[in-house]
Protein chains: 2
Amino acid sequence: MLATITQALPRLSPSERRVGRWILEHPKEAANTTLARLARECETSEPTVVRFCRHVGLAGFRELAIRLTEALSSPTTYVHRDVGPDDSTSDAVIKVMDASIQSLIEMRSQLSSMPIDETVIAMKSARQIAFAGLGASGHVASDACHKFFRLGIPCSSLHDIPMILQFAAITQPDDVLVLLSHSGRWQDFARAAKLAKKRGATVVALTNPDSGVAREASLLFPCPLIEDTSVYTPMSSRLAQLALLDAIHVALALAQGDAASENLRRSKDALNIELS
Amino acid sequence: MLATITQALPRLSPSERRVGRWILEHPKEAANTTLARLARECETSEPTVVRFCRHVGLAGFRELAIRLTEALSSPTTYVHRDVGPDDSTSDAVIKVMDASIQSLIEMRSQLSSMPIDETVIAMKSARQIAFAGLGASGHVASDACHKFFRLGIPCSSLHDIPMILQFAAITQPDDVLVLLSHSGRWQDFARAAKLAKKRGATVVALTNPDSGVAREASLLFPCPLIEDTSVYTPMSSRLAQLALLDAIHVALALAQGDAASENLRRSKDALNIELS
DNA sequence: TTATTGATGTAATTTTACTACATGCTGGCC
DNA sequence: GGCCAGCATGTAGTAAAATTACATCAATAA
């Protein structure tokens with residue numbers, strides 16, 4: 001819109017050009033001012049402003065207001081910016097949300113290159129699924145466990161190295177081990193992956209693609225590691241992992257068909273009785 | 001804007017709700033129609049439409065037009081659509097991600113109306129913070145606990161009704177109790193909130209604004225309940241809760257200033273030693 | 001100089017948003 | 001059951017804003 005005005009500027013009459021220039025200089029004010037005020041501001045009359053609108057291809061002054069707000073409402077990009085100590089509270093929380101949104105958008109764009117179908121196939125016929133994670137990822141593991149068990153598949157979540165290693169040591173070929181790690185740098189995770197894979201189990205990893213764990217996994221969901229430039233950097237990659245597990249969960253439910261709907265509905269009903 | 005309307009719908013009068021629904025169904029038309037036409041379309045009178053605008057927090061009909069064009073021009077691509085049994089796997093996972101992204105974007109747009117500052121003030125001088133949640137929200141609670149304790153404030157997470165009630169019964173005035181509930185309909189939660197508030201503690205609730213828990217809370221973060229039209233509906237509101245807690249966490253860290261940076265850096269260093 | 005065309009402003013008209021007030025309905029209370 | 005308070009809704013009027021018709025002025029060409 002603003003570009004259209006700039007382009008039209010030369011072939012306008014002097015007074016109209018004044019109008020155009022004022023709008024270009026104060027687009028924000030122009031967006032929701034009144035015809036009378038705009039005319040006064042440009043030291044001209046109201047009809048001239050209307051004529052200006054016609055000349056730049058609009059139906060009238062009203063449309064100008066609409067087009068301007070349209071042009072001004074920024075193309076809302078949720079770019080990641082670090083939070084610094086000087087940010088006001090409201091700035092900071094917006095930045096945190098933006099970072100989270102951004103990481104989900106990135107994850108979404110990479111969904112097609114992820115081995116979702118293979119994972120679903122492995123899980124569908126799994127004897128059991130174990131979700132392993134330490135620290136923050138431990139909560140993701142619990143959450144996933146809680147979610148997948150409602151599909152009727154035996155699930156467990158493992159929160160420390162000894163348990164993970166023990167589990168890996170006793171896996172069977174139709175077991176699935178899901179490893180959740182932010183950095184993917186825990187040596188013991190890679191060892192567990194190697195061990196479980198050797199025993200025939202499927203090892204799914206949601207982790208930094210450039211890591212030992214990633215190399216040992218049978219199925220890899222790459223979750224790029226966001227370098228922590230600031231101590232305030234939020235745990236947005238954890239959100240992305242959760243969303244990814246949601247997606248896998250739904251895909252698995254779909255693959256199971258009626259059985260899954262039935263299980264989900266039952267567990268939901270069980271809750272509804274207790275509610276109210 | 002559209003989200004704001006959706007959220008406001010339940011507490012409007014019938015005719016005003018008709019207006020809201022029509023706008024949600026035909027946002028594009030509504031964006032540049034006239035007051036008279038909109039009133040006719042909704043089979044109501046012009047003042048009712050104006051009253052509707054006031055009730056959703058706008059100055060008048062004119063502002064509605066501006067806000068609507070604003071909302072429409074930003075590419076709202078991540079609209080929530082339900083997953084059905086006929087969806088292909090790739091369709092389904094994309095939809096799940098979209099729903100998650102959408103819920104975060106909505107949450108972001110409503111951040112300004114949330115009592116973040118008040119919460120931060122209460123938490124900053126808190127003797128202890130407890131995060132309470134059942135089921136899926138329990139994992140959110142654990143996660144939050146794990147996150148906030150690194151700021152040097154004693155934290156705990158509570159996962160069952162008896163614990164929550166016991167905690168509420170022994171709270172002190174400078175304690176903070178954070179209640180996490182999807183529906184907000186658990187009676188015992190509301191009871192715990194009442195009890196803790198009576199003892200002078202600050203009760204923060206992240207829940208459905210139209211619920212008993214919400215009514216009893218001292219500080220409310222409204223998390224609109226997405227009606228589960230389909231069993232496949234993902235737990236995207238849980239993601240929004242997590243992101244919101246991230247935001248509060250960062251805001252609190254900023255408020256603490258140097259002390260927080262120090263605590264965060266130390267706990268990060270502690271991890272880095274074990275990694276490598 | 002005068003007629004003509006285009007630019008610009010004045011004033012009237014119409015449209016539009018908003019407001020004050022009246023009506024009608026619902027739910028509680030005597 | 002009747003009465004009143006409070007709320008929802010509509011009618012009619014008002015103020016303001018946008019648009020249009022028309023008059024005036026300036027510049028150019030005959």
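Throughout, a chain's letter reflects where its sequence line sits, starting with A, and its residues are numbered from 1. Small disclaimer: the values here were computed from a predicted structure and weren't measured.
For A:E43 and C:dT8, the CD to C1' distance is 14 Å, given to the nearest whole Å. The distance between atom CZ of B:R62 and atom P of C:dT15, rounded to the nearest whole Å, is 16 Å. Rounded to whole Å, atom P of D:dG10 lies 15 Å from atom CZ of B:F52. Distance, B:R18 CZ to D:dG10 C1': 12 Å, rounded to whole Å. Put simply, CG on B:N32 is 18 Å from P on C:dT15, counting in whole angstrom units. When rounded to the nearest whole Å, the span between CD of B:E16 and C1' of D:dG10 equals 13 Å. Between the CD atom of B:E63 and the P atom of C:dA17 there is a distance of 14 Å, rounded to whole Å. For the pair B:E46 CD and C:dT19 C1', the interatomic distance rounds to 12 Å; values are reported in whole Å.
Between the side chains of B:E106 and B:Q7, no donor N or O sits under 3.5 Å from an acceptor N or O. Remark: the B:S142 side chain and the B:H159 side chain contain an N/O donor-acceptor pair separated by less than 3.5 Å. Side-chain contact of B:H182 with B:S237: a donor-acceptor pair under 3.5 Å is present, judged by distance alone.
In the interface, the side chain of B:R51 is paired with the base of D:dG10 through a donor and an acceptor atom under 3.5 Å apart.
Listed pair B:R54 / C:dT19 meets the phosphate criterion, a side-chain N or O lying under 4.0 Å from OP1 or OP2. Note on A:T34: every side-chain N or O is 4.0 Å or more away from OP1 and OP2 of D:dA16. For A:T44, a side-chain nitrogen or oxygen approaches OP1 or OP2 of C:dG9 to under 4.0 Å. A close approach under 4.0 Å does occur between a side-chain nitrogen or oxygen of B:S13 and OP1 or OP2 of D:dT9. Proximity of A:T48 to the phosphate of C:dG9: a side-chain N or O atom is located under 4.0 Å from OP1 or OP2. In this model, the phosphate group of D:dT9 is not approached by any side-chain N or O of B:S45 to a distance below 4.0 Å at OP1 or OP2.
Of the two residues near DNA chain C, A:P47 and A:H55, the one whose nearest nucleotide lies more 5' is A:H55.
Across all their heavy atoms, B:C223 and B:M107 have their closest contact at SG-CE, 4.2 Å.
Nearest nucleotide to the side chain of B:F61, out of D:dA8, C:dC18, C:dT10: C:dC18.
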> Does the ring pair (Phe, Tyr, Trp, His ring centres under 6.0 Å) test come out yes or no for B:F131 and B:F148, once each step is laid out?
Replying inline: CA-CA 10 Å; B:F131 298 90; B:F148 278 78; 5.2 Å; yes
